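All values reported here derive from a predicted model rather than from experimental measurement. First the proteins, then the strands, lettered A, B, ... as listed; each starts at 1.
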Amino acid sequence: GNSVTQMEGPVTLSEEAFLTINCTYTATGYPSLFWYVQYPGEGLQLLLKATKADDKGSNKGFEATYRKETTSFHLEKGSVQVSDSAVYFCALSGRMNYGGSQGNLIFGKGTKLSVKP
Amino acid sequence: KAGVTQTPRYLIKTRGQQVTLSCSPISGHRSVSWYQQTPGQGLQFLFEYFSETQRNKGNFPGRFSGRQFSNSRSEMNVSTLELGDSALYLCASSSLGLAGDETQYFGPGTRLLVL
């Protein structure tokens, strides 16, 4: 079945450091891929998404490229800030036979990022 | 547009009781999905409703049920609560469709504590 594997945390970085959080997936067909972020005590916020191979999603300085050949969707940011401290989830949305979404997201276990000033 | 809203935000119940959680999707969204988040199991899919019909269901016991109303608002119910049901319950809405945006937008969650 479909699954998502992301690097275990926690990840601790200094402000302005480069961030990479690895995410790989297993899926039949061509899922859509997402990164969500969760701040303490809150729900999930969509950070970025990609719906087909070679698409690059980007938002707030974060980027991730949908790599079908390596089944990966790694999250990167060139210079992190203290305000980026949160838990990051990689997720995929499977597809029905007719092409529509299955309506359920499959999540990785989350990576906690702490950024120190 | 207003985001996804969930009520109540916090709940304390005792074992054996039942609980009903409510979710109002983003205006115009017809798909509502529910997820359970726990430290041990992470984020797990409960079920998805689209136009008042359950389209997809996760691997949870029958104590967990849901429904969707004609205005797309959704409720989930957990009967005979167990300690292990303590979790953050998240609702997400989506416009979903063959050519539509399948992105799910999440509410703030309902934190349930079972004593």
Review point. What are the residues of residues 72-93 of chain B, in order of number, with any heavy atom under 4.5 angstrom from a heavy atom of chain A?
Key: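 So the qualifying residues are B/Leu88, B/Leu90.
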Exercise for review: Pull out the residues in residues 106-115 of chain B that come under 4.5 Å of chain A, heavy atom to heavy atom, sorted by number.
Suggested key: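 So far as heavy atoms go, B/Phe106, B/Gly107, B/Pro108 are the residues that approach chain A to under 4.5 Å.
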**Study point:** chain A contact via B/Gln37 - which portion, at a heavy-atom distance below 4.5 Å
**Key:**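 Only the side chain of B/Gln37 comes within 4.5 Å of chain A.
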Exercise for review: For side chain to side chain contact (heavy atoms under 4.5 Å, CB included), just list the numbers for B/Tyr105 and A/Gln45, CA-CA rounded to whole Å, side-chain angles, deciding distance to a tenth of an Å, and then say yes or no.
Suggested key: CA-CA 7 Å; B/Tyr105 298 90; A/Gln45 295 179 24; over 6 Å; no
Is the [atom1] atom of [X] crowded by more than 12 outside heavy atoms at less than 6.0 Å?
X	atom1	answer
B/Tyr10	OH	no
A/Lys52	NZ	no
A/Glu16	CD	no
B/Arg9	CZ	yes
B/Asn59	CG	no

Exercise for review: Find out if a path of hydrophobic residues (ILVMFWY) with successive side-chain heavy-atom gaps under 4.5 Å connects B/Phe69 to B/Val4.
Suggested key: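 They do not share one cluster, since no chain of ILVMFWY contacts under 4.5 Å joins B/Phe69 to B/Val4.
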Check your understanding: Are B/Leu21 and B/Ile12 co-members of a hydrophobic cluster defined by side-chain heavy atoms under 4.5 Å apart?
Key ->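 No.
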Review point. Heavy-atom distance under 4.5 Å to chain B: side chain of A/Leu46, backbone, both or neither?
Key: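 Contact with chain B involves the side chain of A/Leu46 alone.
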Review point. Chain B heavy atoms under 4.5 Å from A/Gln38: which part of the residue, side chain, backbone, both or neither?
Key: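 Only the side chain of A/Gln38 comes within 4.5 Å of chain B.
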Review point. Residues in side chain to side chain donor-acceptor pair (under 3.5 Å) with A/Thr65, at least two apart?
Key: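 If we apply the side chain to side chain donor-acceptor pair (under 3.5 Å) test to A/Thr65, skipping adjacent residues, there are no hits.
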Point to revise | B/Tyr35 side chain vs A/Leu105 backbone, donor-acceptor pair below 3.5 Å | key: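 Yes, B/Tyr35 side chain to A/Leu105 backbone: donor-acceptor pair under 3.5 Å.
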Check your understanding: How long is the gap from NZ on A/Lys109 to CD on B/Gln41, to the nearest 0.5 Å?
Key ->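 CD of B/Gln41 is found 6.5 Å from NZ of A/Lys109.
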Practice item. Establish, yes or no, whether a centroid distance under 6.0 Å links the rings of B/Phe45 and A/Phe107. Key: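 No.
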Practice item. Using the test ring pair (Phe, Tyr, Trp, His ring centres under 6.0 Å), find all partners of B/Tyr49 that sit at least two apart in sequence or belong to another chain. Key: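 Here the qualifying residues are B/Phe47.
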Point to revise | Chi angles and distances behind the side chain to side chain contact (heavy atoms under 4.5 Å, CB included) call for A/Leu44, B/Leu43 | key: CA-CA 11 Å; A/Leu44 275 67; B/Leu43 281 152; 3.9 Å; yes
